[in-house]
Amino acid sequence: MKAYIEKIADYKDKEVEISGWLYNKRSSGKIHFLEVRDGTGFIQVVVVKGQVDEGVFELCDKISQESSIKVVGNVREEPRAPGGYELDLKSIQVIAQAEVYPLQKKEHGIDFLLSNRHLWLRSKAPWAIIRIRDEVIRSIIDFFHSKDFIKLDAPIFTPSACEGTTTLFEVPYFDQKVYLSQSGQLYGEAGCMAFNKIYTFGPTFRAEASKTRRHLTEFWQIEPEVAYAKLDDIMELAEQFVTYIVQRVLANRQKELKMLERDVTILEKIKVPFYRISYSEAIEMVKKQSVSGGEVPILQWGDDFGAPQETYIASQFDKPVFVHRYPTKCKAFYMKPDPENPDVVLCTDLLASEGYGEIIGGSQREENIQALEKKIEKEGLPKEAHEWYLDLRRYGSVPHSGFGLGLERLVTWICGLHHIRETIPFPRTIDRVSP
RNA sequence: UCCCCGAUAGCUCAAUCGGCAGAGCGGCUGGCUGUUAACCAGUAGGUUGUAGGUUCGAGUCCUACUCGGGGAGCCA
C-alpha cells in the first residue's frame, strides 16, 4: 500500500511503500539506519543483516545521500526512532543514484546555502519553514473567506508611479515603460467600492537598496480594504486576523515549530485584544526609558521611529502592539488626518513582539476629494496618474480603511527566525537573484 | 546610498612576531547488530578571491578591484 510519511501513524503494523529520497544514512556493520524523506516528512528505515536478502543489505550500503528510492516495509511504533515510527525494510528500489551531494549534515555558511537554495529546500529547517508559510497562506484565505471578503487580484504591471519612482522596478512594456507593483492598495480601494470587503494577495516589488534582515526586493503582501470602515474597525480586523493565523499554525504545525526550536509559549499568548498606544505615547515611552539610563536614542515629536525605537517599544509588550496616529508629515498622501488633531493621521502600525518590528501598516483613507487633491499637489505627485483614483471620491465616496501585511515578516516572527530570506522559497535580495 | 567585517581543501574553519599550509566533516578503503549531524582506523585532496606592491622570505603587511556578510536609513 502506498503511503506518505506525514500520515504514517495511520499505517501502524501494516506494510507500506514509500517513494522518496535518502536523507541520511547511519550504519553499524550489520545494521543500517536509512533516514528517508518523501517531502511530507522524515522516517527512519531499519535494515538488519540476516533479516533481508544479502543483496538488499549490500545495496543499502552503497546508496548515496539524496538518491531517489522506493522502500517497502512494515510500520512499527518505536520510541528510539526520531519520528516515533520506524519502517522495517523488506525491499528497496533505487530510482536514481545521486552524485556526491554538496550539502552536508554539518554547518554551512549562508552564501553557500543560498547558492544551493534549490537543494537546501530539502533540509529540515527550510522544509519546516515553508510548510509553516503554507499554513499561514491557507489561514489567510480561510480567514477572509469566513468573513465574506472577495479576493481581488491587483495588477503587477502598473502605469506611471503613484508614489514616486525611486523604489520601483522599471520594465519595458512594448513601446512604453511600466513598473512592477509595490502595493495593491490603490486598486484595493477601487475594489472595496465595488465589492465592499476585499483583499489583495500577491507578490510586490521594491527596488529599495535595503540590506537588512527584514527586507526582500520581492515579497508577498496581503491588503484588505473595507468600505465604510474606520481606523478602529481596521485595528480590530487586524488583531483578529493575526490571532487566527497564529492559532492555526499552533494547531496544525506543532511538529514544524518544534523542529525550529520555536518557543511556542510566546505564540500561545497571541490572542485579542492587542495593545494600542498612540504615537505620542510611544514617544513618551522612549523618552522615559532614556531618562532612566536606557540606550535607545531619544526622538522629538514629529520624527519617525527607527529600528532601535521600534524594537524597544515592541519589547515592552508580551503581545503585538498597535501604534496609531503618526504625524501627518511622516505618512503617505492617502491617509486621512484625525479630525480631532490634523497634525496626525488615522493610521496604525502593528509591531510584533520580541523585537520583530512592523508587520502591518494600515490607515483610514482620505475620502474627501478636495483634501486629497491638495495633498497630491503638495507632495508633487503626478495628478494625471491619480485621476482614476480620484474618481473613487467623485462617485459616491465613503470612509474606508485597510491595511497591508507582509507575509514574510509575519512568517519570520511566527517561526522565530533571524532573517527574512529563509521564509520564501527563492529569496530575492539586493544582490542575489539566483537560483 | 553610507558605516563595519570577511574571502585558505568540495564544506566549516585553524595557521603565534612575516619563517615547512593543517584539522573536522564530506569522498574513497576497511571495521563495527540500535544509530540519532553515529563512531573508530587509514587514504587522496591546495595557483590561500583577483591584480599589483613592500620584503631574503607574504595566507599574514600595503594599494586597488571583485564577491559575500552584518548594520544604518527607508519600508511590509
Side-chain angles (χ1 to χ4, degrees), chain A residues 23-35 42-52 57 61-62 64-66 76 78-84 86 88 98-116 119-120 123-125 163-164 166-167 181-185 203-223 238 297 303-311 330-332 349-352 356-362 403-413 418-421 423-424 429-432:
Chain A
Y23 187 72
N24 192 22
K25 182 174 61 186
R26 294 176 287 270
S27 179
S28 298
K30 298 202 173 55
I31 182 165
H32 298 309
F33 298 94
L34 311 180
E35 195 175 358
F42 299 80
I43 193 167
Q44 178 161 285
V45 175
V46 187
V47 193
V48 181
K49 192 168 189 170
Q51 291 177 21
V52 292
F57 190 83
D61 196 37
K62 291 192 169 67
S64 56
Q65 189 186 357
E66 283 303 326
R76 184 167 40 79
E78 172 58 72
R80 287 174 293 184
E86 220 169 53
D88 289 321
E99 295 177 24
V100 176
Y101 193 64
L103 270 60
Q104 305 171 13
K105 301 280 95 55
K106 300 261 178 181
E107 253 177 59
H108 287 292
I110 191 64
D111 182 41
F112 181 78
L113 288 173
L114 287 172
S115 296
N116 289 283
L119 302 176
W120 187 26
S123 300
K124 284 181 177 171
E163 294 182 55
T166 50
T167 64
S181 172
Q182 62 171 353
S183 165
Q185 185 202 310
T204 50
F205 308 86
R206 305 242 171 125
E208 290 160 357
S210 301
K211 245 186 97 171
T212 81
R213 69 176 75 152
R214 296 189 306 281
H215 287 88
L216 296 166
T217 56
E218 177 182 313
F219 65 100
W220 287 65
Q221 268 200 119
I222 299 93
E223 296 174 287
D303 294 336
D304 209 349
F305 295 120
Q309 291 84 19
E310 219 174 76
T311 303
C330 303
K331 291 291 178 178
D349 283 356
L350 183 66
L351 309 184
Y356 276 92
E358 187 182 343
I359 51 172
I360 280 179
F403 64 82
L405 176 140
L407 175 66
E408 288 77 14
R409 284 199 181 169
L410 180 68
V411 175
T412 306
W413 169 58
H418 179 70
H419 204 297
I420 196 167
R421 65 189 161 209
T423 63
I424 188 164
T429 52
I430 182 164
D431 41 27
R432 190 184 291 276

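Here is how names work: the chains are called A, B, and so on, in the same order as the sequence lines, proteins then strands, and each is numbered from 1.
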**OP:** Provide the distance between the two C1' atoms, one in B:A58 and one in B:G52, to the nearest whole Å.
**Re:** 14 Å
Subject >> A:Lys331 bridged to A:Asp349 by N-O distance under 4.0 Å >> reply: yes
Subject >> Shortest side-chain distance from A:Arg421, nucleotide among B:G69, B:C11, B:A76 >> reply: B:G69
Subject >> Rounded distance [0.5 Å steps], CD in A:Glu208 versus CG in A:Leu216 >> reply: 11.0 Å
Original post:
Considering Watson-Crick and G-U wobble pairs with both distances under 3.5 Å, what does B:U8 pair with?
Top reply: none
Subject >> Along RNA chain B (nearest heavy atom to each residue), the more 5'-positioned of A:Ile359 and A:His108 >> reply: A:His108
Subject >> Minimum-distance nucleotide to A:Lys211 side chain [options: B:C11, B:C75, B:A72] >> reply: B:A72
Original post:
How close do A:Val46 and A:Val48 get, heavy atom to heavy atom, and via which atoms?
Top reply: CG1-CG2, 3.9 Å
Original post:
Which residues pass the ring pair (Phe, Tyr, Trp, His ring centres under 6.0 Å) test with A:Phe112, sequence neighbours left out?
Top reply: A:His108
**OP:** Classify the side chain of A:His215 and the base of B:C75 as holding, or not holding, a donor-acceptor pair under 3.5 Å.
**Re:** yes
Subject >> Chi class for B:C17: syn within 90° of 0, otherwise anti >> reply: syn
Original post:
Taking atom C1' in both B:C3 and B:A44, what distance in whole Å separates the two?
Top reply: 45 Å
**OP:** Determine the contact category for A:Gly357: base if any of its heavy atoms lies under 4.0 Å from a base atom, sugar-phosphate if only primed atoms, P, OP1 or OP2 are that close, otherwise nothing.
**Re:** nothing
Subject >> Separation of atom CD1 in A:Ile430 from atom P in B:G68, rounded to whole Å >> reply: 11 Å
Original post:
Base, sugar-phosphate, or nothing: which does A:Asp349 touch, judged by heavy atoms less than 4.0 Å apart?
Top reply: nothing
**OP:** Give A:His32 one of three labels, base, sugar-phosphate or nothing, depending on what nucleic acid heavy atoms sit under 4.0 Å from its own.
**Re:** nothing
Original post:
Mind checking who B:A72 pairs with, Watson-Crick or G-U wobble, both distances under 3.5 Å?
Top reply: B:U1
Original post:
Are the side chain of A:Thr212 and the backbone N or O of A:Arg214 linked by a donor-acceptor pair below 3.5 Å?
Top reply: yes
**OP:** Return the value, rounded to whole Å, for the distance between atom CZ of A:Phe403 and atom C1' of B:A76.
**Re:** 12 Å
**OP:** Give A:Phe219 one of three labels, base, sugar-phosphate or nothing, depending on what nucleic acid heavy atoms sit under 4.0 Å from its own.
**Re:** base
Original post:
If you measure from the P atom in B:U8 to the same atom in B:G69, how many Å do you get, rounded?
Top reply: 14 Å
Original post:
Under a 3.5 Å cut-off for both distances, is B:C61 Watson-Crick or wobble paired, and to whom?
Top reply: B:G53
Subject >> Given B:C11, B:A76, B:G70, the nucleotide with the shortest approach to the side chain of A:His419 >> reply: B:G70
Subject >> Protein proximity profile, nucleotides 43-50 of chain B - base contact B, sugar-phosphate-only contact S, no contact -, cut-off 4.0 Å on heavy atoms >> reply: --------
Subject >> Between B:U43 and B:U33 - C1' atom distance, rounded Å >> reply: 27 Å
Original post:
What distance, rounded to whole Å, do you find between the two C1' atoms, one in B:U16 and one in B:C74?
Top reply: 45 Å
Subject >> A:Ile360 versus A:Ala238, closest heavy-atom pair with distance >> reply: CD1-CB, 4.0 Å
Subject >> C1' spacing across the pair B:A41 / B:U55, given as an integer number of angstrom >> reply: 44 Å
**OP:** Determine the minimum heavy-atom distance between A:Gln221 and A:Gly404, stating which atoms define it.
**Re:** OE1-CA, 4.4 Å
Subject >> Gap separating the CD atom of A:Glu223 from the CZ atom of A:Phe403, nearest 0.5 angstrom >> reply: 10.0 Å
Original post:
Within the side chain of A:Arg76, is there an N or O that forms a donor-acceptor pair under 3.5 Å with the backbone of A:Glu86?
Top reply: no
Subject >> Separation of the P atoms in B:A15 and B:A21, to the nearest angstrom >> reply: 16 Å
Original post:
Taking atom types as modelled and ignoring hydrogens, do the side chains of A:Arg26 and A:Gln44 form a donor-acceptor contact shorter than 3.5 angstrom?
Top reply: yes
Original post:
Are the charged groups of A:Glu35 and A:Lys124 less than 4.0 angstrom apart, N to O?
Top reply: yes
Original post:
Separation of A:Ile424 atom CD1 from B:A76 atom P, in whole Å?
Top reply: 17 Å
**OP:** Between B:C56 and B:C4, how far apart are the P atoms? Round to whole Å, please.
**Re:** 33 Å
**OP:** Could you run through nucleotides 23-35 of chain B and give me one letter per nucleotide, 5' to 3': B if any protein heavy atom sits under 4.0 Å from the base, S if only the sugar-phosphate is that close, - if neither?
**Re:** --BS-----BBBB
**OP:** Would you indicate what A:Ile360 reaches in the nucleic acid, counting non-hydrogen atoms under 4.0 angstrom: base, sugar-phosphate, or nothing?
**Re:** sugar-phosphate
**OP:** Kindly say whether, by distance alone, the side chain of A:Arg432 makes a donor-acceptor pair under 3.5 Å with the base of B:C67?
**Re:** no
